[in-house]
**Q** 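Take this structure, written in structure tokens, and hold onto it; I'll ask about it next.
FYI, side chains are in, hydrogens and waters are out, and symmetry mates aren't considered; it's all heavy atoms of this structure.
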Amino acid sequence: MNQLATHQFTIKANDKLGSLERILRVVRHRGAHIQQMQMQSIDNHLFILNLTLTTERTLSSLQSQIGKLEDVIAIE
């Protein structure tokens with residue numbers, strides 16, 4: 001069994017109906033568990049989402065899938 005690794009993401013996205021839910025759905029489907037989450041709306045209908053999560057899977061797959069979402073502008 002793999003070790004659980006803790007990771008932090010900062011995601012900038014367009015604040016449209018369902019955007020946050022789509023991001024969280026990808027996190028769930030990729031087998032990650034959210035430890036901490038903070039979201040802040042910013043100018044021009046955008047939001048910044050800070051996630052701290054644990055996962056046994058590779059991080060690159062999760063980053064790639066989140067980055068493919070239509071409303072996601074950047075992920076660090």
**Q** Check the surroundings of atom NE2 in H29: do more than 12 heavy atoms from other residues, nucleotides or ligands lie under 6.0 Å from it?
**A** yes

**Q** Compile the donor-acceptor pairs under 3.5 Å between side chains in residues 4-15 and protein atoms, sequence neighbours left out, one pair per line.
**A**
residue, atom, partner, partner atom, Å
T10, OG1, N50, OD1, 2.9

**Q** Honestly curious: do I73 and L49 fall in one hydrophobic cluster under the side-chain, below-4.5 Å linking rule?
**A** no

**Q** Specify the closest pair of heavy atoms between L24 and M37, including all atoms of both residues, with the distance to one decimal.
**A** CD2-SD, 3.8 Å

**Q** Is L59 linked to I66 within one hydrophobic cluster, defined over Ile, Leu, Val, Met, Phe, Trp and Tyr using a side-chain heavy-atom separation of less than 4.5 Å?
**A**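 They do share one cluster, since a chain of ILVMFWY contacts under 4.5 Å joins L59 to I66.
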
**Q** Other residues, nucleotides and ligands only: do more than 12 of their heavy atoms fall within 6.0 Å of CD1 on I42?
**A** yes

**Q** Does L51 share a hydrophobic cluster with I48, counting links as ILVMFWY side-chain heavy atoms below 4.5 Å and allowing steps through other members?
**A** no

**Q** Decide whether I75 and L20 are clustered together by the hydrophobic rule: side chain heavy atoms of Ile, Leu, Val, Met, Phe, Trp, Tyr closer than 4.5 Å, transitively.
**A** yes

**Q** Not counting sequence neighbours, which residues clear side-chain hydrogen bond (donor to acceptor under 3.5 Å, both in side chains) with R22? List them please.
**A**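 Only D71 meet the side-chain hydrogen bond (donor to acceptor under 3.5 Å, both in side chains) criterion with R22.
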
**Q** Search all heavy atoms of G31 against all heavy atoms of R57 and return the closest pair with its distance.
**A** N-NH1, 4.0 Å

**Q** Is it the case that the side chain of S19 and the backbone of K16 share a donor-acceptor pair, with hydrogens and angles ignored and the cut-off at 3.5 Å?
**A**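 Between the backbone of K16 and the side chain of S19 there is a qualifying donor-acceptor contact (under 3.5 Å).
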
